Every structure is written in structure tokens, then in C-alpha cells.
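Scope of the values below: all heavy atoms of this structure, side chains included, with no hydrogens, waters or symmetry mates. Quick caveat: nothing in here was measured; it's all calculated off a predicted structure. Chain letters run A, B, ... following the sequence lines, proteins first, then strands; residues in each count from 1.
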Amino acid sequence: MFVAYPYYYYKILDVIGQLFPVFSLHGYTAHMQHPYDPTTTEAKWQKKWEEEKVYSVDLKKAKKPYYAHVMFPYPSGDKLHVGHWYNFGPADSFARFQRMQGYDVFTPMGFDAFGLPAENYAIKTGIHPDASTKKNVETMIKQLKRIGCMYDWDKMVNTSNPEYYKWTQWLFLQMFKNGLAYKKLGNVNFCPSCQTVLANEQVWEGKCERCETEVIQKPLEQWFWNTKKYAQQLLDGLKDLDWPNKTKIMQENWIGRNEGVNIHSKIKDLGDEFEVFDSVPQTFMAQTFTVIAPEHPLVAKLVKGTKYEKGVMAFVAKIKKLKATEKYKFDEHVEGIFTGRYVDNPFGTGDLPIWVASFVVMDYGTGIVHCSAHDTRDFAFAKKYDIPLRAVMLPEDPKEAEKVKNLEYCYAKAPEGIMQKPDVFKGRRWGEVREDIIKHMGKLGIAKPTVQYRLRDWLLSRQRYWGAPIPIVYDPEGNAHPVPEKHLPWVLPTDVEFKPKGESPLRLSKEFIARTEKIFGKGWRPEFDTMDTFVCSSYYSLMYLGAQNKKGKYTQRDLNEGSLVDPELEKKWMPVSMYIGGPEHACMHLIYARFVMMALKDFGFVSHSEPFKKLVHQGLITNKGAKMSKSKGNVVSPDSFVDQYGADVFRMYLMFMGPFTDGGDWSDTGIKGIVRFVQRIHGVLTEKSKKKFEDSPKVQATLHKTIKKVTEDIQALHFNTAIAALMELLNLIEKEEAVSQETARIIALLLAPMAPHLAEELWSVLGGKKFAIEQSWPTFDPALIKEDTMTVVVQINGKVRGDLIVASDASKESILKAAKELPNVQKYLTGAIKKEIYVPGRLVSLVV
RNA sequence: GCCGGGGUGGCGAAAUGGUAGACGCGAGGGACUUAAAAUCCCUUAUCCCGAAAUGGAUAUGUGGGUUCAAUUCCCACCCCCGGCACCA
């Protein structure tokens, strides 16, 4: 029955719409026009995918393995933010595309669940990290499912789960057994007010992030893994990886290979011998003094019982404090003090006074450096403290040479510089003598070629609760012993106090100590520190493969199987074919994971030495130019957009913003364009497609061009232009009276990687069998791309003066002739034609 | 300081030697409507001439160069972003 609604009825709807945008008429009427409702449709397909286990992969039976996963998230209590969607959505679109290309794509998901935030939350609220983490994981799975990714949830991992961390501990034991784990004194950042150890990220300009108390350095016995041993292999392996160049260069710099010599030296009177690293040995004859790091253990010995002792030790204490409390500004803090000792000079140029200098790095080389006039920093230091200098390399220009001789300025690293000493090299260029000098020093028996790396060993002890306990126990004499494998998982105790007491929380667990004494004997103590969470994430790609189906439930392998992963599966699936995540992990996670893989290979557990064959970094999404963060309060939540427009629209909008690897600044103004696209394409394909309809040649050609472009663009992760191509195709089809069902189905499949729910809906409405994601990717016919005519542009002296529409098979001659006959071209053809260029199918260029 | 990546309409962007600005947003005009929203159609880099045009000029951070032709290649400079930073 027809009802005429009075005017105020619409007015009320309008007002409601303005007050509650979620119920706005805009959404309502859009729905009326093109009845596609993302909310119910997306839920429907997600349910079907799950019921039919469409994304479950049989790792053993798969024939064409393709392993793709993203950097697994931390299960925070906050909702998924735009950054997660920006990372996971496109990564999933690529995985879907690969699947339709015929690969057995395995895309698992997991949680990097150990770590500081849960522990801080526990300190604040008293809620146990295990409880909050479990809850967060649960809600996060629900949120992740809403994106519509093809994750194989059966193989999910959670690093805080004992059945996962037993393997983290097993990994530690392997490192220990193979001599790659050792213990030594290391400094930690400590906040005296919070009574807690701080991670480097928690130290802000030398102050505690939370209470702004000055952080101090506290020496503690800590566990290290010997990453340095793999420095060269980590460097060499880079060249075969399909990684962003930028990331490779960052790792290269981080590893910091540096060739040079070790100069053998001896301390006068004391007789102690040591090596000094020098990467610029050409000017060794210029060395006039020696500097040693304040932290160097030899310093105390040098000054013991001398008149210098008091002053030097005070200086050392001062520098140590300075380094702990301030972001050390090297140009402001170049300081030093003489020790009263000399190096027995090996070159016969006079003894070298030994100074303690603030700028010497303890961890690089040997912590002792010979200094000369040909290094800007050494030069400045010597000038400041009136230490004698000597120049052994001079510029060609006599005037400048005189200045350098008189030490008026520092002449350093100059390839054209002329050597003065040693005498056998006199007159030769600095840039050419390096190798010869090294040989010369070798013959004299004073130096040997050597290589130094900047990479440090991995300090993995954390004085924290929420992590995997280090599986080590100490006998009553304090000697370390590994916990036998049969006691793994070496369970993280629960009877602890989270409020920091200035030491590792595990010390306060009575159960932990009682357990240790019961198993190992009276007076034995467990290691109270836990492992860096980067250990957990260093091998998780292998753990996804280690998931085993036991009585219908997936669990990790048992320890008695001897290895974290079935060697057959490892051989088949590793390395990860496509790994997607943020660039912030370039020098941490991505180095640790490579190191662990190399070590596992050497131990004989895996067959590959590199974990990630191809790596891609998604760009960063900012808000008003700033990184989104809780503290800044500028985090954009995707939820309201997803509620209103659906996951497909939100995913596609993020992809359409620009290139995937670029990121960009958040703005919601353009999302309407994708909303319209989704509504229109659904409307056109469902309402205008006809079974018996012949598409025009124009439509045919454009369709095949689009297949080509979308295929190439997704392959290259250029989702923005892939979507643009589909829009162009839609714009064309919209003008036609109808579209063939055949074509409509192809378009549905082209949409499947980027808008998986919409594609399934269209596929089923258009009479497709099974799921769209199970179909093979459309192929294009090059013959159909070719059109009958083409447009050729005519340029005179590089300027466009007209265009021609000619038959595609027209000859060069006929095109040139036609070009010259264009009225607007004739206007400019005043003189003789000097040159004629024809670029097939593109342009004619005439020079007059 | 060193290493890396960028700079194109009002905005997100496209084009990697061949018609600069595809595609989308926004904006302006129109249709439908009592009205609005939604939807649909047209216009939209800037400037000049003109009744109009497939008319002209200028334009991809700045200045030079190579080329018939440069956002694209080369040289110098300016600015922005990211990383490392006492490494002998």
C-alpha cells in the first residue's frame, strides 16, 4: 500500500542522520541504489571460509609451496590500528594472488607475546601477564579475522606458551652446547628510583622514560650469544637476498667490516703486551701517542701505586658517569689524562705516552689506539693537551706542505698525499701504498693484517619477569650448568611480585628455587634472568612449520623428536618466500633471525642458512605528519570505518592511497571513492551482466589490457594502480548497455585478491562454482589487446602539434605522409626537414 | 658528519626516455527532489588570444648539461624524511 510521507518525516530522518552518522541516510540510500551490504556479506563469507577450511594447508602434501607471512604482532590490549591493516591487508592480497596463480600458499599468523608492555600492565594493575596476554590474544584473533585474511589458524604460534618457549630454551641449550653462549660482565641501564633495569628504548636523553630520574650504568653478569662469529657470513649472505637495497646497506653498515692491521705493542717497564687495530696503517710512522678506553681493565694496572693513580682513577669514574647520564656528545666531551706510562715503541721513533681518553670505544678493536697527526680527532686531542705530533705525509703544493709540516692543520686520508716516511716509501702516494705498507710492517714483524667488525655480540639477559627463563642452573660454587632437555619447558614460575625491587623478579619465587634444589641438589640456584624477546622471534617461521596435528588439535613438536621442525618440511618450505614487515627491524630482528638460522644449519638441524628469501617493508602511515602513538593520542582506529563500509573497502582504500612501500599521511577524505567503486561494480556486474551477450571489441581489448595490468601490478605490489585499472574498466563497462557474464566473472576474479569478500559474493551470484579464491587467475590474450586503430602524436622540434588516428598495421611511410599533411603540422613545416623519427605506435618527430 | 629515500595540480597520486597529471578525492555547474542526502551528467594545472578550434605560451624543488624528445639520464645546489653516529 502506497503511503505518502509528510515533509517532516524526511526532516526527522535527516536530523537523525546528522546526529548519528552511522545511521546516516547516505549509507541507507546507497544501499537502496546498489544493494550490496558489506557487513552481512563479509560475515557470511568469513564463516564459510572457516567452515570449509579453505585456508588450511597440508604442509606435507602441498606440491607448489609458497610460504608468505608478516612480522607477527605483539598482542596488545589496544585494538588493531591502521598500521596493522596497512601491513596485513596488502600482504594478504599478495598471498591470495599467489594462490590463484597456482601455488600452495601457506600464510600463518602468531603472536610475539612475551615482553615489556604486559609486564608494565601487571605492575600497574596486578593482573598477571599470562592472563592479560591470553585475553588480548583472544580478542586480537577476532579482530584479525575481520580483515578477511587467509591465515591458516591451525598453525598459530604464541611465544609465551610453554610449548613454544620450551623450544626457545632448547635453542639456548644448543647455543651453549656449541660454544656460542657465554657469560660476561655487561652494563645495564638502571633507574634508581623505579628500582628497575631499563631497555635502551626506555632511556630518554639519559633519563628514565617514566620518572625522569637520571639513569645509571650497573655492571651485571649477563649471557651473550656470539653473533660476531657469524659477522662475515651475515655480510656475505646479503648479496643473494631479494631484499630492499636500503635494508641490505643498513645491515652492511651495522656489521661494519673494516680491514686493517693489528700492531703488536708492549708497555714499557710493565712488559704487558697487546694489539692495536689500525685501518689506516700508511701513516704508522706518524704515531706519537697512545690512547686507551676509560673502561679498559689495563688502566688500573698502568697507574697502580704511581702518583698518577688518584687523578686517573677519578677521571675514569667521571667519564663512566658522564657516559651513563648523558646522551654523549663527542665534540663536547673530548677529554683525557696522562697515565705516566709509555708504549715501548716498535717503530724506532720514540716511546708513545699513554693517555686515557674519553673518545676511545672499549668494544671496538682492542680498546687501545695509536694516534697520529693524520687523523682529525687525534690531531685535535693532541693540540688540546700539547702532545707532540709528526707529519709523515705532505700535500704536493710546497706552500701547503710547509703548513702541514708545521702542524697548522690536520692532513688526513688524502689519496694524493706524498709519503715522507718510512724512507723506502718516500715520494709515493698515500692512495697507492696501503698494501705495500702492510707487507712492509709484516716483514718488520710489528703488524699483521686483520679484520674488525662493528657488530657486537647479542646480550640476551633481561632482568625481567615476562620472558622465557634462561635454562641454566648454578651449583653451590656458582658454576653454570645447562638444564637437561628432559626438564624443558623450564617453566616460568607464577609466584612472583611484579613491583620492581631492584633485581630480577624471579629471585622472589620460592617455587623456582625449591624446584631447582629438588632436581639438582641443595644450594643450587636457577638463573633468574629471562631471555630477550628477540630470541623468541628469531626462529618463529620454523615454528609455524613445526605445528603438528595430534588428535585433531595442533601443538608444537615434542622435544624427544630432537628438533623444532621436521627436516623434510624445513627443506620444502624454507626459506620464507615473502616476508612483509616494518623497516624498524632492519638491524635487530632481521639480523638475529639470520644468525639463528645460520647457527641451526651449522648444528645440523636445518638445510638453509637464510630464513627470508624475499623481504618487503610496508610504508609507515602517519597522522598529521607524526607517527601514530598512544602517548601522542593520534592513533586512528579502523573500527568505525570497517563498521560502516566493510573490510574490503577499508583494505582497498589503504591500498589505493599510494604505493605500498611508501606509506603516507592518514586522511579519510578519499574513502568515498572506494565506497562508490564497490557499490558500482557490484551493481553493474549483478544487474547488467547477461549470459548471451557479445562484448564490443573495445570492451574485449580493455578487459585483456586490464588483466595484464592487474597481474603485473599485484606481482609488483603496486595495488594502487591495479585498482585504478579496474576502475577504468568499470567506467567503460558502465557506458555499455550490458556486459557478458563471462567478462563479469573474470572481473570478479580480478577483484579477489584485493576485495576477497566482494569477489566471493559476485562469483557466487554470477553462478561460479566453489570459491573464487579456489579459481585460477585469469590470463590475457595478447591478440585481443591489439586494437584496430592507434593514435600517433606528431611533434615538430619536440613540440606536439597534432595527432593521427591510423590503422594499427599502417606502414611507417604512410604515417609519415599523413603526419605531414595535418593542417596544424603544415603551419610549422616552414623549412626543410632535417630529421624524421618514428616511434612505432607512439609518435612521429620531425626536426626542421 | 656519514649512509639511504624523496620533492609533480587545491589534495592522495600516475607516467622510469616518447601526448605530464591516468585513477580517485575535493571544488564548480547541471539533472532528479517540495527540500536535502544519495545517485547520474558536464567542467576542473596556470596564463594568453579567440566566436570556436585538433590555437598559443608556461609548468614535475633550483640552476646547468646530454637528446629530435627529459618527471625519467648526467653535474652542482636547496629543502624534507628515515637510519647510523667518538668504530681508530
Problem - Partner nucleotide of B:A76 by Watson-Crick or wobble geometry (both distances under 3.5 Å) - result: B:U62
Problem - Rounded C1' spacing from B:A57 to B:C49 in Å - result: 11 Å
Handout entry: With sequence neighbours excluded, residues passing side chain to side chain donor-acceptor pair (under 3.5 Å) with A:Lys820
Key = A:Glu836
Exercise for the section: Would you please confirm or rule out a distance under 4.0 Å between OP1 or OP2 of B:G4 and any side-chain N or O of A:Lys246? Expected result: no
Exercise for the section: Using Watson-Crick or G-U wobble geometry with both distances below 3.5 Å, tell me the partner of B:G50, or none. Expected result: none
Handout entry: Whole-Å P distance, B:U62 and B:A70
Key = 15 Å
Exercise for the section: Tell me what A:Pro659 touches on the nucleic acid: a base, only sugar-phosphate, or nothing, going by heavy atoms under 4.0 Å. Expected result: sugar-phosphate
Practice task
For B:G7 versus B:A15, give the span between their P atoms, rounded off to a whole number of Å.
Solution key: 12 Å
Exercise for the section: Could you measure between the two C1' atoms, the one in B:U60 and the one in B:G9, and give it in whole Å? Expected result: 10 Å
Exercise for the section: Could you check whether A:Glu728 gets within reach of a base, just the sugar-phosphate, or nothing at all, counting any heavy atom under 4.0 Å? Expected result: sugar-phosphate
Practice task
Select base, sugar-phosphate, or nothing to describe what A:Asn731 touches, counting heavy atoms under 4.0 Å on all strands.
Solution key: sugar-phosphate
Exercise for the section: Classify the nucleic acid contact of A:Lys799 as base, sugar-phosphate or nothing, counting any heavy atom under 4.0 Å across all strands shown. Expected result: sugar-phosphate
Practice task
Among B:C23, B:C40, B:G4, find the nucleotide with the atom closest to the side chain of A:Glu734.
Solution key: B:C40
Problem - Parallel, tilted or perpendicular: ring planes of A:Phe719 versus A:Phe660, cut at 30 and 60 degrees - result: perpendicular
Problem - B:G56 OP1/OP2 closer than 4.0 Å to side-chain N/O of A:Arg801 - result: yes
Fill in the blank from the handout: Winner on side-chain proximity to A:Trp254, out of B:G18, B:C84, B:G12, is B:C84
Practice task
Kindly point out which of B:G55, B:G12, B:A14 is positioned nearest to the side chain of A:Thr721?
Solution key: B:A14
Exercise for the section: Name all residues meeting the ring pair (Phe, Tyr, Trp, His ring centres under 6.0 Å) criterion together with A:Trp355; count only those two or more places apart in sequence or in a different chain, and write none if there are none. Expected result: A:Phe338, A:Phe381, A:Tyr385
Exercise for the section: Ignoring backbone atoms, test whether A:Asn720 places a side-chain nitrogen or oxygen under 4.0 Å from the OP1 or OP2 oxygen of B:A14. Expected result: yes
Completion exercise
Heavy-atom nearest nucleotide on RNA chain B taken for A:Thr791 and for A:Lys827; more 5' hit belongs to A:Thr791
Exercise for the section: Look at all strands and tell whether A:Val360 reaches a base, only sugar-phosphate, or nothing, counting heavy atoms closer than 4.0 Å. Expected result: base
Exercise for the section: Would you mind classifying the nucleic acid contact of A:Leu843 as base, sugar-phosphate or nothing, using non-hydrogen atoms under 4.0 angstrom? Expected result: base
Problem - Residues forming a side chain to side chain donor-acceptor pair (under 3.5 Å) with A:Glu712, sequence neighbours excluded - result: A:Lys708
Practice task
Using whole Å, report how far CZ of A:Arg454 lies from C1' of B:G83.
Solution key: 13 Å
Problem - Syn/anti label of B:G83 as read from its glycosidic torsion, with the cut at 90° from 0 - result: anti
Exercise for the section: Select base, sugar-phosphate, or nothing to describe what A:Tyr828 touches, counting heavy atoms under 4.0 Å on all strands. Expected result: sugar-phosphate
Exercise for the section: Answer yes if the side chains of A:Thr227 and A:Arg456 hold a donor-acceptor pair under 3.5 Å, and no otherwise. Expected result: no
Practice task
Have a look at A:Val369 and say if it touches a base, only the backbone sugar-phosphate, or nothing, with a 4.0 Å heavy-atom cut-off.
Solution key: base
Handout entry: Strand partner of B:C2, provided both Watson-Crick or wobble distances fall under 3.5 Å
Key = B:G83
Practice task
Identify whether any heavy atom of A:Arg842 sits under 4.0 Å from a base atom; if not, whether one sits that close to sugar-phosphate; answer base, sugar-phosphate or nothing.
Solution key: sugar-phosphate
Exercise for the section: Assess the side chains of A:His617 and A:Thr247: does a donor N or O sit below 3.5 Å from an acceptor N or O? Expected result: yes
Problem - Separation of atom CG in A:Leu620 from atom P in B:G12, rounded to whole Å - result: 16 Å
Practice task
Quickly work out the A:Ile837 CD1 to B:C68 C1' distance and round it to whole Å.
Solution key: 4 Å
Practice task
From the options B:C3, B:U19, B:G12, select the nucleotide whose nearest atom is closest to the side chain of A:Met657.
Solution key: B:G12
Exercise for the section: List for me each residue that meets side chain to side chain contact (heavy atoms under 4.5 Å, CB included) alongside A:Ser265, sequence neighbours excluded, and say none if there are none. Expected result: A:Ile263, A:Phe274, A:Val276, A:Val343, A:His370
Problem - Nearest to side-chain heavy atoms of A:Ala724, which nucleotide of B:A20, B:G12, B:A22 - result: B:A22
Handout entry: Sugar-phosphate only, base, or nothing, as touched by A:Ser845 at under 4.0 Å among non-hydrogen atoms
Key = base
Problem - Identity of whatever pairs with B:G17 - Watson-Crick or G-U, under 3.5 angstrom - result: none
Completion exercise
Residues at least two apart in sequence or cross-chain that pass side chain to side chain donor-acceptor pair (under 3.5 Å) with A:Gln452, listed by chain then number, are none
Fill in the blank from the handout: Ordered by number, residues from residues 361-368 of chain A within less than 4.0 Å of RNA chain B (heavy atoms) are A:Val361, A:Tyr364
Practice task
Would you mind classifying the nucleic acid contact of A:Asn245 as base, sugar-phosphate or nothing, using non-hydrogen atoms under 4.0 angstrom?
Solution key: nothing
Handout entry: Test log, rule salt bridge (charged side-chain N to carboxylate O under 4.0 Å, His left out), inputs A:Glu734 and A:Arg680
Key = CA-CA 9 Å; A:Glu734 239 176 3; A:Arg680 275 167 58 211; 3.0 Å; yes
Handout entry: A:Glu252 CD to B:C2 P, straight-line distance once rounded to whole Å
Key = 18 Å
Handout entry: Given RNA chain B, 5'-ward residue of the pair A:Ile674 and A:Lys735, judged by closest heavy atom
Key = A:Ile674
Handout entry: Nucleotide forming a Watson-Crick or wobble pair with B:A31, both distances under 3.5 Å
Key = B:U39
Problem - Gap in Å between the two P atoms, one belonging to B:A76 and one to B:G4, rounded - result: 14 Å
Exercise for the section: May I ask you to check whether A:Thr791 and A:Asp803 show a side-chain donor-acceptor distance below 3.5 Å? Expected result: no
Practice task
Select base, sugar-phosphate, or nothing to describe what A:Arg456 touches, counting heavy atoms under 4.0 Å on all strands.
Solution key: base
Problem - A:Gln618 CD to B:G5 P, straight-line distance once rounded to whole Å - result: 19 Å
Practice task
Check whether any side-chain nitrogen or oxygen of A:Lys672 sits under 4.0 Å from OP1 or OP2 of B:A38, and answer yes or no.
Solution key: yes
Problem - Between B:C80 and B:A69 - C1' atom distance, rounded Å - result: 31 Å
Practice task
Sticking with atom P, work out how far B:A13 lies from B:G65, rounded to a whole angstrom.
Solution key: 32 Å
Exercise for the section: Could you let me know what B:C25 is paired to, Watson-Crick or G-U wobble, both distances under 3.5 Å, or none if it's on its own? Expected result: B:G10
Handout entry: Any donor-acceptor N or O pair under 3.5 Å, side chains A:Arg801, A:Gln795
Key = no
Problem - Whole-Å gap separating C1' (B:C84) and CD (A:Glu584) - result: 16 Å
Handout entry: Residue pair A:Gln287 / A:Arg390, side-chain donor-acceptor N/O under 3.5 Å
Key = no
Exercise for the section: Grab the CZ-C1' distance between A:Phe656 and B:A14 for me, whole Å please. Expected result: 10 Å
Exercise for the section: Mind calculating the distance between CD (A:Glu712) and C1' (B:A14) to the nearest angstrom? Expected result: 16 Å
Practice task
State which of B:C25, B:C3, B:U19 makes the closest approach to the side chain of A:Arg676.
Solution key: B:C25
